[in-house]
Amino acid sequence: MRENKRGELLMDAIGSIDDRFIFEAQVALPKKRYAPLRRVLALCACTVLVMSLTLSLLVGLFSQKNSEAPGQEDHVGNTEPPVTDSHFADTLIGMKTETQSFASPLEREMLFEGETLLIWQYEDEEDYRICTLSDRDARRIKTALAEKNGFVRTDAEYDLGELEGFWICFGDGLVYTPYLENSNGNIGYGQLFDYDPELEPSQYFIELITNAIENAN
Amino acid sequence: MEDYKIVDLYWERSEDAIVETRHKYERMLSGISYSLLNSQEDADECVNDTYLRAWNQMPTDRPIYLGAYLSKIIRALSISRFRSQHRQKRGGFENLCSELDECIPDSCSIEEQYQSGRLTEIINRFLGELEEEKRVIFVRRYFFSDPVDVIAKRLGISVSKVKTSLHRTREELRRVLGEEDVTL
């Protein structure tokens with residue numbers, strides 16, 4: 001019985017252990033069990049794979065969306081949109097007939113009235129085409145213009161053809177053109193200015209403008 | 001009801017203290033006693049004795065962990081009751097003592113250490129250094145006298161894991177007790 005006597009003493013001693021240990025064991029609940037390491041790693045690998053595929057798909061869809069349906073979302077990405085297959089000037093020339101309703105003489109005050117205006121002129125007309133944009137389109141175009149994403153520098157022989165010029169005014173008197181960098185000397189105030197094109201707007205920008213004009217029509 | 005409110009009732013000498021204690025802890029206390037005595041009748045008597053002792057010891061005592069406080073009382077009462085009965089009877093307590101006997105090295109003067117209160121000190125330090133899960137398993141087994149399968153179910157682990165944990169903890173305790181005995 002010697003052994004049991006010693007065991008009993010140990011049992012008695014355990015009966016006096018710290019209350020904290022008793023409380024801890026008293027309230028102990030099953031812990032959240034994690035999967036074995038191998039399963040965790042496999043799960044991580046699957047997650048990474050799925051996320052990569054999803055990301056690739058989303059990037060692909062986003063690019064396609066930008067090229068097929070501009071104006072649906074703000075252009076905020078830094079990726080360079082595809083460069084135009086056709087010149088911006090050609091696009092505007094092609095819209096000559098359908099934008100006839102925008103033809104109007106330009107008055108200086110119009111540049112200060114707070115509305116965003118797309119203004120362009122054909123060589124053979126005295127009137128300007130003046131298109132007032134919605135706030136949404138105005139915001140998109142302002143962003144695109146500021147970012148100059150995809151705009152490419154043109155060569156010296158670049159010709160606007162039948163187009164005299166294209167300008168954008170955000171209603172504060174300042175006049176911009178997508179054909180020039182936004183810098184001192186390239187921004188007018190209270191009047192439209194002549195220029196030689198230095199940049200060719202991107203396909204995205206062309207589609208943005210086209211869409212905005214169609215919305216305003 | 002919160003523990004401190006129940007303790008306040010004891011201090012106010014309100015009989016509601018017993019009602020609330022019974023409501024909150026009777027099942028746990030009965031389980032501890034039954035595991036040691038293997039008799040529901042004896043366990044029920046021990047539970048009632050526990051309430052009486054708690055009533056008598058408070059207001060002197062003001063336990064922070066009322067559950068632990070009551071558990072210690074009923075554990076001591078149950079072991080005492082077991083000892084007062086015939087020793088030949090094999091009960092839960094006997095089994096637990098046999099298991100713990102593995103922990104004690106032959107050279108260890110455990111009686112002296114127990115008498116001096118040093119043994120509890122060593123066990124407290126030992127428990128404090130254990131991983132939480134191992135400690136809970138050990139305390140559930142040797143303080144609350146829970147059967148192995150009950151511990152496994154409670155902690156959501158396998159029975160074999162509980163057995164392995166207990167075996168390793170006992171081995172570790174044996175090593176610690178051996179070292180402590182040398183230094184005394």
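Proteins come first, then strands; the chains are lettered A, B, ... in the order of their sequence lines, and each starts at number 1.
Atom CD1 of B/I32 sits about 8.0 Å away from atom CD of A/Q26, to the nearest 0.5 Å. Distance CE/A/M11 to CG/B/L36: 5.5 Å, rounded to 0.5 Å. Between the CG atom in B/D3 and the CZ atom in A/F23 there is a gap of 7.0 Å [rounded to 0.5 Å]. Expressed to the nearest 0.5 Å, how far CZ of B/R135 lies from CD1 of A/I17 amounts to 10.0 Å.
Residues A/E24 and B/V139 are not in side-chain contact: their nearest non-hydrogen atoms beyond the backbone lie 4.5 Å or more apart. The shortest side-chain heavy-atom distance between A/I22 and B/Y69 does not fall under the 4.5 Å cut-off.
Residue B/K163 qualifies as open at atom NZ: its count of foreign heavy atoms under 6.0 Å is 12 or below. No more than 12 heavy atoms of other residues, nucleotides or ligands shown are found within 6.0 angstrom of CZ on B/R168. Heavy atoms from other residues, nucleotides or ligands lying under 6.0 Å from CG of A/D196 number 12 at most. Within 6.0 Å of NZ in A/K142 there are 12 or fewer heavy atoms belonging to other residues, nucleotides or ligands. Around the CZ atom of B/R27, the shell of radius 6.0 Å holds no more than 12 heavy atoms that belong to other residues, nucleotides or ligands.
Note on B/N124, B/I123, B/I79: by heavy-atom pairs under 4.5 Å with chain A, the leading option is B/N124.
Heavy-atom minimum distance, A/V27 versus B/R154: N-NH2, 4.4 Å. Minimum interatomic distance between B/F143 and A/I14 (heavy atoms only, all atoms of both residues): CD1-O, 3.5 Å. Heavy atoms only, all atoms of each residue included: B/T120 and A/S16 are closest at CG2-O, 3.3 Å.
B/E171 meets the side-chain contact (heavy atoms from CB on, under 4.5 Å) test with B/H167; sequence neighbours excluded.
For chain A, no part of B/F126 is nearby; none of its heavy atoms comes within less than 4.5 Å. Residue B/Y142 touches chain A through both its backbone and its side chain, counting heavy-atom pairs closer than 4.5 Å.
Using a 4.0 Å cut-off between a side-chain N of Lys or Arg and a carboxylate O of Asp or Glu, A/D12 and B/R83 qualify as a salt bridge.
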